[in-house]
Every structure is written in structure tokens, then in C-alpha cells.
Amino acid sequence: MLTKENILALLEEVKDPEIPVLSLVDLGVITGVEVSDNDHVTVNMTPTFAGCPAMDYMKKDVERTLEKHGISNYTVSMTFDSPWDSNKLSEKGRQHLKEFGLAPPPKYDLILDLDILEHVKCPYCDSDNTDMRTPFGPTLCRSMHYCNNCKQMFEQFKPL
Amino acid sequence: MNELAIKDLLYKLADDQLILGHRNSEWTGFGPILEEDIAFSSMAQDKIGHSLAFYTLLQELGEADPDTVAFTRNANQFHNNQLVELPNGEYDFSLIRHFLYDNAEIIRFEMLSQSSYEPIAKVATKLKGEVKYHVLHANTWIKNLGSSTEEAILRLQSSLNEALPYALAMFENSKYEQELIDAGVYSGEDAVKAEWLKRIQTVIEKTDLKLPDLATIEPKFGGRYGKHTEHLQPLLDEMAEVFKIDPTAEW
């Protein structure tokens, strides 16, 4: 019999297409999994950024993964019911981001100001002596920074 | 709740974001520095994503699907304010427009996140976090350049004077204005405008720019109900070019 825990374990396999070390579960975009009495699986997802072109790909990847494991009775929907914010990234996800060379977003009170973007901890040398170069990066979810200590550019998965 | 009133509001939100998103995308490859090229391109992507979220809500209310709505209407069927359709001009004009527009849009999203109409409240809650980055970007550059060289200040002042009649028309009231306010959908355009004025003044006061006396400016109303400048139709023709050749193309 299928359970919510089984499904969540399967979904661990599905990674962010642009950050292949990060599972969608750890990213926090899987907002709900339900298994009904007749084994119908419902997976609710929410986008990180409304304009993120990877979201459609991620949704299809979830569907492919369910099918690969023999589940054909499912509904995967993308909604704004529990909107994503960067506090939804799991601890494990943050650790994976750092190992990947992307500074994880700080946990914050969801009141964004320039201060929390200004001195992000460098993922390479852990220095706080860094400057933000631009709040926009190569993808919608990244900002660009420079580390004055190890003298290299790095990116942050930005707080939202 | 009167569905026509909700649709009227959704169309204006979606069309503003789509058209300014398209204009922002015209900076891709042309930004004055690499970071600004990326910033305007990212904001373009965000805004087009936002328009999709609102067009999706419209589809749930029985309107056509988002691509059809975005790509097959003519200029006189668009509800965006005229400010967003004006050509990019030079960087100073694009920056001033971005500053005036995004400071208003974030107030609408903040109000709508508390809306009695739940589908809009959910979307607005999400989008206001994204627009926050646009506002930070605009305010930072206005503060920096607005108190820098004589040329920068002159250019920004002239663009500000040029953009204001259009910017004031962002708050053109809906024909359902009172209904939307009474139903608790949001506090309405006059309330958005009052808060907007406070916020842009706070930024402008930190620069050498001067906000002209707004009472002397005649707003360029009409955009909310299909009256547009000569610049909108060519933008739409370009945006829909691929769609019109092959509506089923995947790209």
C-alpha cells in the first residue's frame, strides 16, 4: 500500500534541474502529498519564482518519477496555495547548496532589506567580508556577490 | 463578488506586467553595464511570470487561455496604463519608469495580499516578495545616480518630468472602483496613489532631483479602457510574431 512517506521518499530522487544536488523536497516546492483510499496520489507543488522556466520541467519530472515507480493514478498540480519562500529550504538542502558553491539564503523574518543581502557568507571560505554586486543573477533565484577575503565571485540562492 | 469587477482588476494587473515585462526584455543585450543587462532581463522574466499568474486566474474565471489572451488581442483590448508601453528611450527613462511603476505595483500587491478575494490574495502574497527586489533595484539606482554627476541629474530630472503625466494615470479608477473597495478586494487606486507618493518622495528627497507640483500635471488617462499611444500596437505585433506564424509551436 502506498503511503505519503513512500511518495516523499520517491520524490527525493527529483532534483532541481539547475542545481542537481538539491531535491525538490529539500527545495521546499513540494507543498503537499496525499494518498487517497483508492491509491490516488496527489502532489501539490508551488513555484520558487512565478517566472521560473524550470517549474514546468520540475512538474513533468515529478510525473515521470511517479510513473517510473509504477504509479499511474496521480494528479500533480502547481498552485500558490502555500506560496514558496526561502525559509522553506530544508537544513539538508542548505548544506547541499553550500557544497555546490551556492551560498544558502539566510533564515529571516521575510522582511527583505539591503542589509541582509550586503554581507552574505562566502560559500568557499566562510568569510563575511563580502559585497553584493547585483541582486539579479544568471537565474531568477540567484544574486551575485564578491568575496574580499578569497577574492572570487560567488552566487547566492537569494532570500525571498 | 461581482465577477466583472474582479476580471477588470485582473486584466489591468496582468497587462501592466506583460507589457512592461516585454519592454524590460528589450534591454537584453543592450544594458549599459552587464549587471544592468541582467537586472532588466531578470525583471522581464519575473514580470512575464506575474502576468501568467494573473492570466491563469482569469482563465479560471472563464476567459481564454493565457497565450491566447496575451498574443491575440489588439491594442484597444489592452488594459495596461500608457506608462508601461512607452518605448524604453535611454537608460535614464527606463530607470525612472521602473522606479515610478514598481513602487506603485508593490503597494497594490501588498494590499491585495490582504484581499477578501482569496485567489488574488494568494498570488499577491507570492509576487510581492519578488517585486521587492525590483523596488530595491530601482531605489538604489535612483539614489546613486540622482545625486551623482550634473549630466545624470539633468537626464533623470528630464525623464521624471516626461514620465509623470503617464505615471499619475497608473491610478486611473476602475469603473468598479467603489465596488472593489466595498467588497474588501483592496483599498483602491486613490489609496495606492497616496502611499506611492509618500514612498517616491522619500527616495527623491535623498537626491538632487525635484518632484514637480503634481497638481499642475494632467494625467494621461485612458489606458485602462483601451486608449493607447501609437507605441503599443507595434510592441504587440513583435511579441506575437512567432505565435501568429505557428500557435502550436513549442519553444
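Computed from heavy atoms alone, side chains included, the values below leave out hydrogens, waters and symmetry copies. All values derive from a computational prediction rather than experimental measurement. Letters go in sequence order (proteins before strands), and every chain restarts at 1.
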Handout entry: Rounded distance (nearest 0.5 Å) linking atom CZ of A/Phe80 with atom CG of B/Leu57
Key = 8.0 Å
Practice task
Please look at A/Met144 and chain B and tell me whether the side chain, the backbone, both or neither of the residue comes under 4.5 angstrom of a heavy atom of that chain.
Solution key: side chain
Practice task
Using a cut-off of 6.0 Å, state whether more than 12 heavy atoms not belonging to A/Tyr108 lie near its atom OH.
Solution key: yes
Fill in the blank from the handout: When the 4.5 angstrom heavy-atom criterion is applied to B/Thr140 and chain A, the contacting part is side chain
Practice task
Look up atom CH2 in A/Trp84 and atom CD in B/Glu130, then write down how far apart they are to the nearest 0.5 Å.
Solution key: 9.5 Å
Exercise for the section: Verify the neighbour count for atom CG of A/Asn38: are there more than 12 heavy atoms of other residues, nucleotides or ligands below 6.0 Å? Expected result: yes
Exercise for the section: Flag yes if more than 12 heavy atoms outside A/Glu34 fall under 6.0 Å of its CD atom; otherwise flag no. Expected result: no
Fill in the blank from the handout: Rounded to the nearest 0.5 Å, the CZ atom of A/Arg133 sits from the CD1 atom of B/Ile38 at a distance of 12.5 Å
Exercise for the section: Give, for atom OH of B/Tyr133 and atom OG1 of A/Thr134, the distance between the pair rounded to the nearest 0.5 Å. Expected result: 10.5 Å
Fill in the blank from the handout: In terms of heavy-atom contacts, B/Leu127 and A/Ala50 come closest through CD2-CB, 3.6 Å
Practice task
Please check if atom CD in A/Glu99 has more than 12 non-hydrogen atoms from other residues, nucleotides or ligands closer than 6.0 Å.
Solution key: yes
Problem - Contact origin within A/Ser86 toward chain B - heavy atom pairs under 4.5 Å - result: neither
Practice task
Would you mind reporting whether B/Gln45 and A/Cys52 have side-chain heavy atoms less than 4.5 Å apart?
Solution key: no
Practice task
Mark yes when over 12 heavy atoms from residues, nucleotides or ligands other than A/Lys4 sit less than 6.0 Å from its NZ; otherwise mark no.
Solution key: no
Completion exercise
If you tally heavy-atom pairs under 4.5 Å between each of B/Gly21, B/Ala39, B/Gly129 and chain A, the highest tally belongs to B/Ala39
Fill in the blank from the handout: To the nearest 0.5 Å, atom CE of A/Met55 lies from atom CG of B/Leu52 at 12.5 Å
Exercise for the section: Could you look at B/Ile48 and say if it's the side chain, the backbone, both or neither that has a heavy atom under 4.5 Å from chain A? Expected result: neither
Fill in the blank from the handout: NZ of B/Lys126 to CZ of A/Phe49, rounded to nearest 0.5 Å, is 6.5 Å
Practice task
Locate the shortest heavy-atom distance separating B/Ser42 from A/Gly137; write the atom from each residue and the value.
Solution key: OG-O, 3.8 Å
Fill in the blank from the handout: In short, A/Pro83 meets B/Thr125 closest at the heavy-atom pair CG-CG2, 4.2 Å
Handout entry: Proximity breakdown for A/Pro47 and chain B, heavy-atom pairs closer than 4.5 Å
Key = backbone
